[in-house]
Amino acid sequence: MLSLTLSADQPFNLDKTLSCGQVFRWAETNGWWTGVIRDRVIRIQQDGNHLSWSGADEAFIRHYFSLDLDLSRILAEIDCDPVIHRAIYACRGLRIIRQTPWECLVSYMIATFTNIPSIKRRISLLCREFGNKIDSGGEPYFSFPTPEALAGSDEKQVRACSLGYRAPYLCQVAQAIHQDPGWAGAIRNLPYEEARTELMRYRGVGRKVADCVLLFGFERLEAVPVDVWIERILRQHYLKPGEKANYDHIRRYAQGYFGPFAGYAQEYLFCMRNDITKKE
DNA sequence: AGCCAGGACTGAG
DNA sequence: CTCAGTCATGGC
């Protein structure tokens with residue numbers, strides 16, 4: 001068991017970070033979060049400014065949770081109105097996790113046109129079916145399937161993970177990336193708009209999925225994924241009533257309004273989606 | 001029971 | 001370019 005003490009000027013909230021819907025493979029049981037990263041089971045707990053965990057070294061934990069970023073400065077920069085201010089107050093310490101591009105891409109392809117509990121369930125089935133079993137004493141855990149494992153699988157078997165019409169997209173992207181191991185490096189070297197266009201060449205990857213992958217998998221903190229919730233929030237609190245605005249209008253508005261860390265603003269607003277949207 | 005969900009694709013205008 | 005129809009599934 002390892003531990004570290006967070007400095008006072010470095011806000012971090014483990015619960016918000018793992019429960020806000022950016023990652024889908026962590027589960028909490030009486031205070032302890034358990035997740036699988038690469039081939040390792042990680043258990044972690046926060047008690048005030050104290051972080052305790054097993055399954056990884058400190059450098060990995062700091063990197064994964066972006067503890068090296070000056071979050072106070074980022075939050076100060078996006079804190080431009082009462083709506084986002086309230087979200088920052090409520091979710092302070094939420095950090096955007098550095099996911100691996102492959103897992104992030106597949107996860108958000110699965111995340112189209114569904115809800116978060118279903119996404120978690122489907123990814124869990126996918127790992128159980130195509131990942132490697134990890135012995136950790138108690139219940140079995142499974143690693144995320146490699147491109148190779150998915151590329152060589154039967155589409156029907158993939159579909160059986162409740163994936164529906166997404167199954168052929170997953171098989172295709174797995175084959176493409178298995179044949180092109182340098183895909184992530186190539187995208188990492190491109191400017192935002194070009195990286196986005198490149199990601200959208202994969203079938204099943206549209207604007208929203210591409211923005212999620214850039215934000216959560218490639219550290220493009222200016223990326224603003226616009227899902228139905230973010231669109232609702234922006235229309236209700238930021239855009240003019242009835243303003244005609246398609247995806248890219250809304251995305252660019254948020255990027256211009258919140259600046260280079262607009263992705264953080266997006267995630268804080270998403271975290272507050274149930275409190276700041278009125279249903280009618 | 002029916003509506004909705006971290007959308008993408010296709011074809012028509 | 002916009003717009004509607006369609007896609008497969010489960011949560012609530």
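These numbers were taken from a predicted model, which means no experiment stands behind them. Just so we're on the same page: letters track the sequence lines, and every chain starts at 1.
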- Return the value, rounded to whole Å, for the distance between atom CG of Asn246(A) and atom C1' of dC1(C). 10 Å
- Query: In whole Å, what is the span from the OH atom of Tyr108(A) to the P atom of dA8(B)?
  - Reply: 13 Å
- Task: Can you tell me the distance, in whole Å, between the NZ atom of Lys244(A) and the P atom of dC1(C)?
- Result: 11 Å
- Most 5' of Val205(A) and Ile116(A) on DNA chain B, judged by nearest nucleotide: Ile116(A)
- Query: Starting at CG of Leu125(A) and ending at C1' of dT9(C), how long is that distance when rounded to a whole Å?
  - Reply: 12 Å
- Task: Would you please name every residue forming a salt bridge (Lys or Arg N to Asp or Glu O under 4.0 Å) with Glu77(A), sequence neighbours left out?
- Result: Arg73(A)
- Query: When all nucleic acid strands are considered with a 4.0 Å heavy-atom cut-off, which category describes Tyr169(A): base, sugar-phosphate, or nothing?
  - Reply: sugar-phosphate
- Could you state the atom-to-atom distance from NE2 of His249(A) to C1' of dC1(C) in whole Å? 11 Å
- Query: Just checking, Arg86(A) and Tyr89(A): is the charged tip under 6.0 Å from the six-membered ring centre and within 45° of the axis?
  - Reply: no
- Do Trp33(A) and Asp15(A) have side-chain atoms, one donor and one acceptor, less than 3.5 Å apart? yes
- Would you classify Gly204(A) as touching base, sugar-phosphate or nothing, given that sugar-phosphate means primed atoms plus P, OP1 and OP2, and contacts are heavy atoms under 4.0 Å? sugar-phosphate
- Item | Which residue lies more 5' along DNA chain B, comparing Cys20(A) with Met200(A) via nearest heavy atoms | Cys20(A)
- Task: Report the distance from atom NZ of Lys120(A) to atom P of dC12(C), rounded to the nearest whole Å.
- Result: 10 Å
- N or O in side chain of Arg273(A) less than 4.0 angstrom from dA5(B) OP1/OP2: no
- Task: Could you check which of dT2(C), dG10(C), dG6(B) has an atom nearest any side-chain atom of Ser118(A)?
- Result: dG10(C)
- Under 4.0 Å between any heavy atoms, over every strand shown, what does Glu267(A) touch: base, sugar-phosphate, or nothing? Just pick one. base
- Message: With rounding to the nearest 0.5 angstrom, report the CG to CD distance, Leu69(A) to Gln10(A).
- Response: 9.5 Å
- Interatomic distance at C1', dG10(C) relative to dC9(B), whole Å: 22 Å
- Has the side chain of Ser72(A) got a donor or acceptor atom that lies under 3.5 Å from a matching backbone atom of Asp9(A)? yes
- Take the protein atom CZ of Arg207(A) and the nucleotide atom C1' of dT2(C), then report the distance between them rounded to whole Å. 11 Å
- Query: Any chance the side chains of Gln236(A) and Arg232(A) put a donor and an acceptor closer than 3.5 Å?
  - Reply: no
- Report which part of the nucleic acid Tyr247(A) touches: base, sugar-phosphate, or nothing (heavy-atom distance under 4.0 Å, all strands). nothing
- Verify, without hydrogens or angle tests, whether Tyr247(A) (side chain) and Val226(A) (backbone) share a donor-acceptor contact under 3.5 angstrom. yes
- Query: Is it the case that Asp211(A) and Tyr192(A) place a side-chain donor and acceptor less than 3.5 Å from each other?
  - Reply: yes
Write down the protein N/O and nucleotide N/O pairs, taken from nucleotides 3-8 of chain C, whose separation is under 3.5 Å; answer none if there are no such pairs.
{"unit_1": "dA8(C)", "atom_1": "O4'", "unit_2": "Tyr165(A)", "atom_2": "N", "d": "3.4"}

- Query: Under 4.0 Å: is that the gap between some side-chain N or O of Arg203(A) and OP1 or OP2 of dT10(B)?
  - Reply: yes
- Query: Looking only at atom P, what distance separates dT2(C) and dG6(B), rounded to whole Å?
  - Reply: 25 Å
- Message: In this structure, how many angstroms lie between the C1' atom of dA8(B) and the CG atom of Leu199(A), rounded?
- Response: 15 Å
- Base, sugar-phosphate, or nothing: which does Val226(A) touch, judged by heavy atoms less than 4.0 Å apart? nothing
